[in-house]
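Worksheet: the structure to be examined is printed underneath.
Chain naming here is simple, since letters A, B, ... match the order of the sequence lines and numbering starts at 1 in each. Note that the structure is predicted; figures quoted are calculated from it, not measured.
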Protein chains: 2
Amino acid sequence: MAETMKSGSTHEPKKPGPQSNLQLVAAKAGVSVSSVSRVLNGGSASEELARKVRDAAAELGYVPHASARSMRTGRTDQITLAVADVGNPVYVQMMRTVTGIVAKAGYRLVVSSTGSDPQAQIDLVTSLNRGYADGLLMSPLRITEDLIEAMRSSRLPIVVIGTLPADVALDNVRADSATGIGLAVEHLVAQGRRRIALVNGPVDTVPGSARLAGYLAAVERFGLPTSSELQVTATAFTYRAGRKATAALLGQASPDAIIGANDLLGVAALKELAAAGARVPDDVAVVGMDDTDAAELATPSLTSVDLGSAKRAKAAAKLLIRRIAEPDAPVSRIVIPPALSVRESTGGPA
Amino acid sequence: MAETMKSGSTHEPKKPGPQSNLQLVAAKAGVSVSSVSRVLNGGSASEELARKVRDAAAELGYVPHASARSMRTGRTDQITLAVADVGNPVYVQMMRTVTGIVAKAGYRLVVSSTGSDPQAQIDLVTSLNRGYADGLLMSPLRITEDLIEAMRSSRLPIVVIGTLPADVALDNVRADSATGIGLAVEHLVAQGRRRIALVNGPVDTVPGSARLAGYLAAVERFGLPTSSELQVTATAFTYRAGRKATAALLGQASPDAIIGANDLLGVAALKELAAAGARVPDDVAVVGMDDTDAAELATPSLTSVDLGSAKRAKAAAKLLIRRIAEPDAPVSRIVIPPALSVRESTGGPA
DNA sequence: GAGGGGTTTGGGAACGTTCTTAAGAACGTT
DNA sequence: AACGTTCTTAAGAACGTTCCCAAACCCCTC
């Protein structure tokens with residue numbers, strides 16, 4: 001499985017000497033270190049000097065040393081993105097968006113996968129004080145008092161993607177799950193469904209509790225049955241957990257529609273229904289949430305509540321970049337309105 | 001959509017003063033800066049001194065400054081991972097694996113999405129010389145001479161995930177697509193399939209050319225028809241491109257099996273076949289490659305060639321970490337053997 | 001009590017950059 | 001010819017850390 005070969009057999013000069021620095025460039029150009037710095041950072045200089053410096057820098061292949069520069073300037077040109085699980089499609093979507101935006105603004109992206117453990121998130125926030133990044137984008141799955149306190153007392157700007165208690169004065173960008181679920185229920189009701197079930201994720205998480213509340217509100221608003229047999233909770237927002245939870249649901253109730261609290265749970269419901277011999281959407285309609293690629297790829301394709309994950313990520317990234325530039329700007333809270341993407345699983349177009 | 005509120009209305013002290021440093025800790029503890037550094041880095045010290053230092057550090061909430069430390073030590077505790085598209089499931093899988101390994105080894109992960117543009121990859125490699133990371137993991141989609149030259153002359157260690165020309169002396173971890181496709185073809189032949197089609201991605205990419213070569217070899221080995229109508233090329237390794245390519249394929253040939261060059265193309269084939277009214281696997285069997293989550297979530301679930309993306313990522317990360325520690329270790333090349341995950345799309349268990 | 005070995009502590013240089021301050025040059029005005 | 005103004009360049013401090021080296025101390029032995 002592993003074959004090893006000697007190095008250096010094919011070619012010769014590996015390292016182009018040690019990292020060249022301002023001093024070497026200055027020596028080569030016959031000018032002072034400060035002049036080199038000034039020229040390279042766009043300060044004023046004579047034609048003559050600028051030419052000498054640029055030639056010398058090019059010849060030596062000079063590139064500024066990141067740590068040294070950031071020690072002096074206090075900026076690192078890095079932004080950290082912290083998510084619970086880099087594998088979850090909704091975070092993938094956010095990451096894809098964020099990557100583009102921060103890169104365009106000249107930042108590198110540090111990705112941190114914290115899991116759902118609140119302590120790991122707190123550790124992350126305090127580790128920010130090491131100053132390895134200029135700001136933090138985080139989407140916490142579980143929010144505790146300690147985490148909020150840690151975020152509050154952070155020296156660096158933090159933008160939260162997700163809902164926060166009303167009295168926390170931190171920039172944040174949130175979805176409106178309640179309205180989103182309302183759209184799903186309304187759509188299902190319009191199709192004559194009445195026994196609408198919810199396959200939720202853990203209710204002690206931010207999205208889990210929001211989605212349960214939204215579901216209950218919508219079901220009540222439309223005068224639908226709210227029997228607790230129609231509500232099940234998966235142990236995580238994953239496909240596997242969703243299969244189990246849906247199986248349990250089908251064992252205890254006969255819904256004519258199922259809402260999955262995210263697309264993975266929705267797809268799990270689809271697959272579990274198929275395994276049980278139920279037809280979708282004829283017997284049971286299914287709706288997912290987040291409108292990720294997984295919804296489009298599913299068979300039948302999954303109607304999904306678009307909670308604007310890409311828009312949220314984009315807004316959050318821009319907010320963070322702005323706050324880094326203006327630390328004293330007023331706190332903003334942005335709410336991204338939801339939309340419904342109707343697909344085959346609720347009778348939409350093939 | 002955006003509601004803005006004044007900051008600082010709810011609570012008071014935001015910043016806990018400027019970042020505390022060794023000097024402040026030393027002053028508070030009544031000892032020298034060097035002693036503080038020594039104690040905090042586990043050097044020898046008296047009980048008394050150690051206690052004073054630790055108390056002072058805790059009281060001030062001291063955390064070492066990342067840039068300053070790395071300027072002095074030459075290490076950044078960061079590793080960069082460069083992939084073409086953070087959204088592609090196979091890269092997601094790699095990223096998930098890599099995240100865990102580098103975090104456990106005490107590194108932060110910088111993620112860079114280069115696209116398939118060779119120049120962007122070259123720029124990335126040269127930017128490494130800024131010294132913002134200790135090493136680079138990269139999985140290049142297209143490899144040019146210039147890119148190889150850039151990687152060769154890099155001051156920092158690079159581990160390539162993917163196939164490289166034989167004479168390039170860089171650590172790398174590769175899949176064996178040829179054998180992998182062989183497994184798929186063998187499996188299909190055993191089920192009596194003979195008109196086996198390939199829905200490939202761009203052939204000027206590393207995986208594209210490898211998979212085409214593997215397909216041709218396998219088809220020839222089993223004495224199957226090699227008509228060019230059975231080979232189509234999608235414009236990218238994406239779902240949408242796969243739908244189009246499969247539609248074209250079905251318009252020009254009547255395969256009894258389709259191999260997608262990755263899972264997205266495989267799922268696209270599934271969906272396109274369903275849209276065309278063909279039954280899977282009864283009329284046409286389908287196989288994907290990479291064995292990502294998308295294969296399991298598909299309906300019918302997709303048989304897929306496991307090219308060991310998680311194992312490759314793991315091996316590559318460990319290799320890089322080792323090379324950072326021992327820069328002069330011999331170059332290693334690791335080949336991860338493929339395996340076949342049989343699922344419903346070729347008649348496997350439901 | 002002086003000398004010597006070993007341990008513990010502190011002083012200070014160095015990493016590569018930016019930026020403030022000041023020195024020097026060029027030039028026009030009185 | 002002396003002086004002020006403006007522009008260009010250089011010197012050197014500072015960022016916070018680590019680590020080499022020397023100073024200080026302790027304890028033991030002679």
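The environment of B:Glu149 atom CD is dense: over 12 non-hydrogen atoms of other residues, nucleotides or ligands sit within 6.0 angstrom. Atom CD of A:Glu47 has 12 or fewer heavy atoms from other residues, nucleotides or ligands within 6.0 Å. More than 12 non-hydrogen atoms from other residues, nucleotides or ligands lie less than 6.0 angstrom from CD of B:Gln119.
A 3.5 Å limit on both hydrogen-bonding distances identifies D:dA2 as the Watson-Crick or G-U partner of C:dT29. Searching all strands for a Watson-Crick or G-U wobble partner of D:dC28 with both distances below 3.5 Å returns C:dG3.
With respect to the salt-bridge test (charged N to carboxylate O, under 4.0 angstrom), the residues B:Arg333 and B:Asp171 do not qualify.
When only modelled atom types and interatomic distance are considered, B:Ser112 and B:Thr114 share no side-chain donor-acceptor pair under 3.5 Å. A side-chain donor from one of B:Arg38 and B:Ser35 sits under 3.5 Å from a side-chain acceptor of the other.
Both A:Val31 and B:Leu22 lie close to DNA chain D; mapped to their nearest nucleotides by heavy-atom distance, the more 5′-ward contact belongs to A:Val31. Judged by closest nucleotide on DNA chain C, B:Val33 is the one of B:Val33 and A:Thr73 placed further toward the 5' end. For the pair B:Gly30 and A:His65, nearest-nucleotide mapping onto DNA chain C gives the more 5' position to B:Gly30.
To the nearest angstrom, P of C:dG12 lies 16 Å from CZ of B:Arg38. Taking atom CZ on B:Arg72 and atom P on C:dA13, their separation rounds to 13 Å, with Å as the unit.
Residue-level contact check: A:Ser46 touches the backbone only, with heavy atoms under 4.0 Å from sugar-phosphate atoms and none from bases.
In terms of phosphate contacts, B:Ser35 brings a side-chain nitrogen or oxygen within less than 4.0 Å of OP1 or OP2 of C:dG10.
Nucleotides of DNA chain D with any atom under 4.0 Å from a heavy atom of chain B span, from 5' to 3', D:dG16 to D:dC19.
For C:dG11, its base sits under 3.5 Å from the side chain of B:Ser34 at one donor and acceptor pair at least.
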